[in-house]
Structure formats: C-alpha cells, structure tokens
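Structure first, commentary second.
Because the structure is a prediction, the values reported are computed rather than measured. Values below: all heavy atoms of this structure, side chains included; hydrogens, waters and symmetry mates excluded.
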Amino acid sequence: MTKKAFIFDLDGVIVDTAKYHFLAWQKLAQELGIEFTPEHNEDLKGVSRVRSLDIILALGNIEASQEDKNKWLIQKNEDYLSYLVDMDESEILPGVLHVLEFIKEKNQFIALGSASKNARPILEKTGILPFFDAIVDGNDVSNAKPDPEVFLRAAQLLNVSNENAIVFEDSVAGIQAANIANMISVGIGDAAILHEAKYNFKDFTFMDVAFIEALLD
C-alpha cells in the first residue's frame, strides 16, 4: 500500500486557538479605533500575520509605516502568546485525537501545514507533537494560502506525491490551496463556507474511521 500524507492545519482544525487570535487582533483593532467583529475575523482564517494586519488596517482606512506595522505585529503576537501560557490537552478539538491515533495505527504519515509561527510550542503544550512526522509552519514558508507552498513542502518532506496527500482545513484559503496542489481537500466546519472542499465535516466527531479507511484504498 502506498503511504498517504494526512496534512492538518492547526488553528481551528486541531486546536481551539482561533479564538485567541481573534481576541488579540480585536484588542489591537480597538486600540487603533477600528471595529473588528467575528465576521471580519473570517477573512483572516488561513492568512499570514502580515496580511491579517493589512486587512484590519484596510477596515479602518489606515495607512501606516512599516515601522508601525512591525510594532503592531509584535504587540499582537505578544498578546496572543499570553493567552497560550496555560494551554494543555483540553484545547484539542473534539474527535481530533481519535483520528490522529487511527492514522498512526494505519502506519500513515501525519504532517502539519499551518501559517502559525507558534505551531511547535502549541503542539508541545497539548502533548500531540509526537504524532507528527513533518511540521511546516509560518517560519518555513514565504507564501500564504491560497498559495499551496505550505502543503507542497509538507508532502515533499515526506516524499509523498500530491495525489496521495489529504488536507484538513477550516478556511476557504486553505481549501483552495489544497485544491491548487491537487491534494484531497477536507473541510472542517461550515460546508456552506467550505463548499470548494471535496469532503466536508462539521468537526472530527462527525468523521467515521471508515472515511479514513476509504481514503487509504
């Protein structure tokens, strides 16, 4: 059997840290006099930190120097990291651990493909780092989703062809990146939003192991 690569996004797919990103961005936006709602936050899913800041500044029609942008990016990340201090396995989203364990039992590859620059410490704090055969995060790539660079690099590290890679994503940009890479895209979340995915599940508790079995055949 040809080994497959199961590539997971991080925020909103494996762990529930998306809420902390929102709180950190909202705090910065408020300080800049910009209204930033959960609806606005949807546009930031799967997007790099730099691009996220540009989107927020555009909401407030604010033009800023690179010096100010760098200062705000550092501030946002420090606020975000402050929320992660007490992270533990309880942050793992329902059903994820069961899926990771099943994939490992089947002797398949597991990789992370995330825009987050804090991926490794998050995986360590939640105790699931040993599951991963390859990690590609925001420190390793220069192009943000929907550019498929993060997924292509993960597959390359595992020496797996794109056609044998399965991507789990909760963002439109992430699904588009997987599709562009000719990988199997699995949307985790609202199917109406992630309608470009080949398969959709509300969350991992709705994913039967038979689905993973079928992907291996």
Original post:
Do Phe204 and His98 make the cut of ring centroids closer than 6.0 angstrom?
Top reply: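 No, the ring of Phe204 stays outside the 6.0 Å limit from the ring of His98, centre to centre.
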
Which distance, rounded to the nearest 0.5 Å, do you find between the [atom1] of [X] and the [atom2] of [Y]?
X	Y	atom1	atom2	answer
Asn41	Trp25	CG	CH2	10.0 Å
Asp54	Arg49	CG	CZ	13.5 Å
Ile55	Arg51	CD1	CZ	4.5 Å
Ile34	Leu57	CD1	CG	5.5 Å
Gln176	Leu194	CD	CG	10.0 Å
Phe36	Asp43	CZ	CG	8.0 Å

I need the minimum non-hydrogen distance between [X] and [Y], along with the two atoms involved.
X	Y	answer
Ser116	Asp137	O-CB, 3.0 Å
Gly187	Ala197	N-CB, 3.5 Å
Asp170	Gly12	OD2-CA, 3.5 Å
Gly113	Ile7	N-CG2, 3.8 Å
Glu124	Leu129	CG-CD2, 3.4 Å
Leu10	Ala119	CD2-CA, 3.8 Å

Distance-only side-chain donor-acceptor flag, [X] / [Y], under 3.5 Å:
X	Y	answer
Asn118	Asn77	yes
Asp79	Ser82	no
Glu67	Ser65	no
Asp11	Thr17	yes
Asn182	Glu163	yes

Subject >> Identified side chain to side chain contact (heavy atoms under 4.5 Å, CB included) counterpart of Phe8 within the set Ile128, Val15, Ile103, Ile188 >> reply: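 Among Ile128, Val15, Ile103, Ile188, the one that satisfies the side chain to side chain contact (heavy atoms under 4.5 Å, CB included) with Phe8 is Ile103.
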
[Y] side chain reached by [X] side chain, heavy atoms, under 4.5 Å:
X	Y	answer
Lys4	Val160	no
Lys104	Ile110	yes
Val136	Phe151	no
Gln30	Glu35	no
Glu31	Trp72	no
Met87	Ile122	yes
Tyr199	Ser185	no
Thr126	Asp88	no

Subject >> Glu42 vs Val172, side-chain contact (heavy atoms from CB on, under 4.5 Å): CA-CA, chis, key distance, verdict >> reply: CA-CA 9 Å; Glu42 287 296 315; Val172 173; over 6 Å; no

**OP:** Test Val186 against Lys198 for side-chain contact (heavy atoms from CB on, under 4.5 Å), laying out the working first.
**Re:** CA-CA 6 Å; Val186 182; Lys198 184 168 184 178; over 6 Å; no

Does [X] pair with [Y] as a salt bridge, N-O distance under 4.0 Å?
X	Y	value
Lys71	Asp68	yes
Asp86	Lys125	no
Glu213	Lys106	yes
Lys145	Asp9	yes
Asp133	Lys3	no

**OP:** Starting from the C-alpha separation in whole Å, work towards a yes-or-no answer on side-chain contact (heavy atoms from CB on, under 4.5 Å) for Val96 and Asp203.
**Re:** CA-CA 9 Å; Val96 171; Asp203 60 45; over 6 Å; no

Subject >> From Phe201, Phe6, Phe102, residue fulfilling ring-ring contact (aromatic ring centres under 6.0 Å, His included) relative to Phe211 >> reply: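 Running ring-ring contact (aromatic ring centres under 6.0 Å, His included) over Phe201, Phe6, Phe102 with Phe211 returns exactly one hit, Phe201.
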
Original post:
Crowded around Lys19 NZ? As in, over 12 foreign heavy atoms under 6.0 Å?
Top reply: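 Atom NZ in Lys19 is crowded, with more than 12 foreign heavy atoms closer than 6.0 Å.
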
Original post:
In terms of the angle between their ring planes, are Tyr80 and His21 parallel, tilted or perpendicular, with boundaries placed at 30° and 60°?
Top reply: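 It falls in the parallel class, under 30°.
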
Original post:
Would Ile14 and Leu112 satisfy side-chain contact (heavy atoms from CB on, under 4.5 Å), going step by step from the backbone distance to the final call?
Top reply: CA-CA 10 Å; Ile14 291 179; Leu112 189 83; 3.8 Å; yes

